[in-house]
Asker: 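Got a structure for you, questions after.
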2 protein chains.
Amino acid sequence: MKLITRNTDYAVRALCYIAEQKQEVISGDQLVKSLEMPRSFLRKILQTLNKEGFLNSSKGKGGGFALAVSAGEITLTDVMKIFQGPIRLSEHKFKKSDCPYISDCLLKKKIDEIEKEVIAKLKAITISSILKKGDKGK
Amino acid sequence: MKLITRNTDYAVRALCYIAEQKQEVISGDQLVKSLEMPRSFLRKILQTLNKEGFLNSSKGKGGGFALAVSAGEITLTDVMKIFQGPIRLSEHKFKKSDCPYISDCLLKKKIDEIEKEVIAKLKAITISSILKKGDKGK
DNA sequence: ACAAAATGATACAATTATAGTATCATATTA
DNA sequence: TAATATGATACTATAATTGTATCATTTTGT
Ligand code: FES
Ligand code: FES
């Protein structure tokens, strides 16, 4: 029953780390060392973030990853969507034949409401909002 | 990324159904037929609800399950706890060595806040609050 | 040219959670 | 004592999560 899976979490932490460094470009290995995450797993995550346009990558010596978007513009929901698909708290949506309440289901309505609020709040969390004060904005 | 798993969902719907009927005692088979859920799965769920004190059961002809607690006192979080364990949106709690931010992690704080709010809202959803108007209170 | 340093692509594997099944035992009622 | 119901419990299947591992490609510096 996790809302945030580990690859999302790793991704967020990696983005935070990159955003905080003075250098723009950070190599995967540096991230692995600094954040102590499984190497191959993080590499895959970084590749995905690159493909999705949140990171730019460069090969060869001195290469690595840099933010492609400012830290203030990357939201938690962005990252979640990439690694976990569309956000949905419940799958309470049964075939009509399955459920006598479906046409006017209060449970569904209530859950949907909560879902909306949660998403709104997650959307308000950006990478820069997670960084310690003083580092923000970058 | 589901907040509510199917056994929780089935349990809630079963509780709703039982609460709505005029008879107090409803057999497992009647629930299976009416709600069109997998028989064995629902039986297991009903047994669990019984063990946890939300249903009373009686064997033999005319037996079945009845609410042990009034519908207004069974919350969604109650049911979730039974079938999904303690509610936790994120496992963002790494070993100290893993994460430079852990001592003062804004992400953790923000997630925890959201978590609290979600739990509060889920707690406000009771079985009777899900039933159609007019059936309430039973 | 060539080696070193990096990422890109991709296939594979392990673990865990979810979802569901099946069987036999036990109690109750008619 | 047969029928009806739940109790206990072990088993299986599927899917999601969490990784690993390998080889290819690009870039840089000597
Ligand atoms: S759609 Fe069936 S109870 Fe909500
Ligand atoms: S505990 Fe590490 S970023 Fe939150």
Side-chain angles (χ1 to χ4, degrees), chain A residues 1-11 13-14 18 23-33 35-66 68 80 82-86 88 90-92 94 98, chain B residues 1-11 13-14 18 23-33 35-66 68 80 82-86 88 90-92 94 98:
Chain A
M1 196 203 35
K2 272 168 300 179
L3 186 65
I4 293 172
T5 57
R6 211 169 288 172
N7 45 14
T8 297
D9 202 280
Y10 285 174
R13 287 169 60 196
I18 294 170
Q23 326 139 39
E24 265 200 34
V25 177
I26 312 287
S27 77
D29 273 355
Q30 186 179 341
L31 286 164
V32 167
K33 277 178 201 162
L35 303 176
E36 293 183 50
M37 295 165 180
R39 181 192 166 80
S40 292
F41 198 31
L42 181 58
R43 269 174 54 71
K44 197 164 61 171
I45 290 168
L46 293 169
Q47 282 186 25
T48 304
L49 287 172
N50 178 44
K51 267 188 210 155
E52 298 290 334
F54 291 97
L55 289 177
N56 288 324
S57 72
S58 46
K59 287 178 180 176
K61 195 163 191 174
F65 299 89
M80 288 176 71
I82 292 172
F83 293 103
Q84 307 174 211
R88 211 171 287 155
S90 167
E91 282 180 344
H92 184 83
F94 298 95
D98 280 1
Chain B
M1 199 203 34
K2 271 169 298 181
L3 187 62
I4 293 172
T5 57
R6 213 170 286 173
N7 45 12
T8 297
D9 202 279
Y10 286 174
R13 286 168 61 195
I18 295 170
Q23 327 139 39
E24 264 199 33
V25 176
I26 312 289
S27 77
D29 272 356
Q30 186 179 339
L31 287 164
V32 168
K33 278 177 201 161
L35 302 177
E36 295 183 49
M37 295 167 181
R39 183 192 165 79
S40 293
F41 198 30
L42 181 57
R43 269 174 54 69
K44 197 164 63 170
I45 289 168
L46 293 169
Q47 282 185 24
T48 304
L49 287 172
N50 178 44
K51 266 188 211 156
E52 298 290 334
F54 291 97
L55 290 177
N56 288 324
S57 73
S58 46
K59 288 177 177 176
K61 196 163 189 174
F65 299 89
M80 287 176 71
I82 292 172
F83 294 102
Q84 307 176 211
R88 210 171 287 155
S90 168
E91 282 180 343
H92 185 82
F94 298 95
D98 279 2

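Here is the naming used below: chain letters follow the sequence lines, and residue numbers restart at 1 for every chain.
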Asker: To the side chain of B:Lys59, which of C:dG8, C:dA30, C:dA27 is closest?
Answerer: C:dA27
Asker: Between A:Phe41 (CZ) and C:dA11 (C1'), how many Å, whole number?
Answerer: 16 Å
Asker: Take the protein atom CG of A:Asp9 and the nucleotide atom P of D:dT18, then report the distance between them rounded to whole Å.
Answerer: 10 Å
Asker: Classify A:Ser40 by what it touches in the nucleic acid, base, sugar-phosphate, or nothing, heavy-atom distance under 4.0 Å.
Answerer: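 Base, at least one base heavy atom under 4.0 Å.
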Asker: Is there side-chain contact between B:Leu55 and B:Phe65, with heavy atoms separated by less than 4.5 Å?
Answerer: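 Yes, their side chains come closer than 4.5 Å.
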Asker: Students often get this wrong, so: under 4.0 angstrom with heavy atoms, is A:Lys44 touching a base, only sugar-phosphate, or nothing?
Answerer: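 Counting heavy atoms under 4.0 Å across all strands, the contact made by A:Lys44 includes a base.
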Asker: Describe the nucleic acid contact of B:Ser27 in one word from base, sugar-phosphate, nothing, applying a heavy-atom distance below 4.0 Å.
Answerer: sugar-phosphate
Asker: Could you state the CD-P distance from A:Gln30 to C:dA6, rounded to the nearest angstrom?
Answerer: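 One finds 10 Å between P of C:dA6 and CD of A:Gln30, rounded.
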Asker: Let me know, please, whether B:Gly28 or A:Asn7 comes out on the 5' side of the other along DNA chain D by nearest nucleotide.
Answerer: B:Gly28
Asker: Is there a side-chain contact between B:Leu46 and B:Leu31 (heavy atoms, below 4.5 Å)?
Answerer: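 The answer is yes; the side chains approach within 4.5 Å.
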Asker: Is the phosphate of C:dT21 approached by B:Arg39 (side-chain N or O, under 4.0 Å from OP1 or OP2)?
Answerer: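 Looking at the OP1 and OP2 atoms of C:dT21, neither is under 4.0 Å from any side-chain N or O of B:Arg39.
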Asker: Taking for each residue the nucleotide of DNA chain C with the nearest heavy atom, is it A:Gln47 or B:Lys61 whose nucleotide lies nearer the 5' end?
Answerer: A:Gln47
Asker: In whole angstroms, how far is the P atom of C:dT18 from the CE atom of B:Met80?
Answerer: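 Those two atoms, CE and P, are 11 Å apart.
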Asker: Could you check how far CZ of B:Arg6 sits from P of D:dT14, rounded to whole Å?
Answerer: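 Value for this atom pair: 14 Å.
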Asker: Has the side chain of B:Arg43 got a donor or acceptor that lies under 3.5 Å from a partner of the other kind on the base of D:dG7?
Answerer: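 Indeed, a donor on one side and an acceptor on the other fall under 3.5 Å apart.
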Asker: For A:Asn7, is there any backbone N or O sitting under 3.5 Å from a side-chain donor or acceptor partner on A:Gln84?
Answerer: no
Asker: Would you indicate whether the side-chain heavy atoms of A:Phe83 and A:Asp9 approach each other to under 4.5 Å?
Answerer: no
Asker: Given atom CD1 of A:Ile45 and atom P of D:dT20, what is their separation to the nearest angstrom?
Answerer: 11 Å
Asker: Please state whether the phosphate of C:dG8, meaning OP1 or OP2, lies under 4.0 angstrom from any side-chain nitrogen or oxygen of A:Asn50.
Answerer: yes
Asker: For the side chain of B:Thr5, starting at C-beta, report the closest nucleotide among C:dT7, C:dT18, D:dG7.
Answerer: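 Per side-chain heavy atoms of B:Thr5, the pick is C:dT18.
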Asker: What's the separation between atom OG1 in A:Thr8 and atom CZ in A:Arg13, rounded to the nearest 0.5 Å?
Answerer: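 It comes to 12.5 Å.
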Asker: In whole angstrom, give the distance that lies between atom CD of A:Gln84 and atom C1' of D:dT17.
Answerer: 10 Å
Asker: I need the OH-C1' distance between A:Tyr10 and D:dT20, as an integer number of Å.
Answerer: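 The distance from OH of A:Tyr10 to C1' of D:dT20 comes to 14 Å, rounded to the nearest Å.
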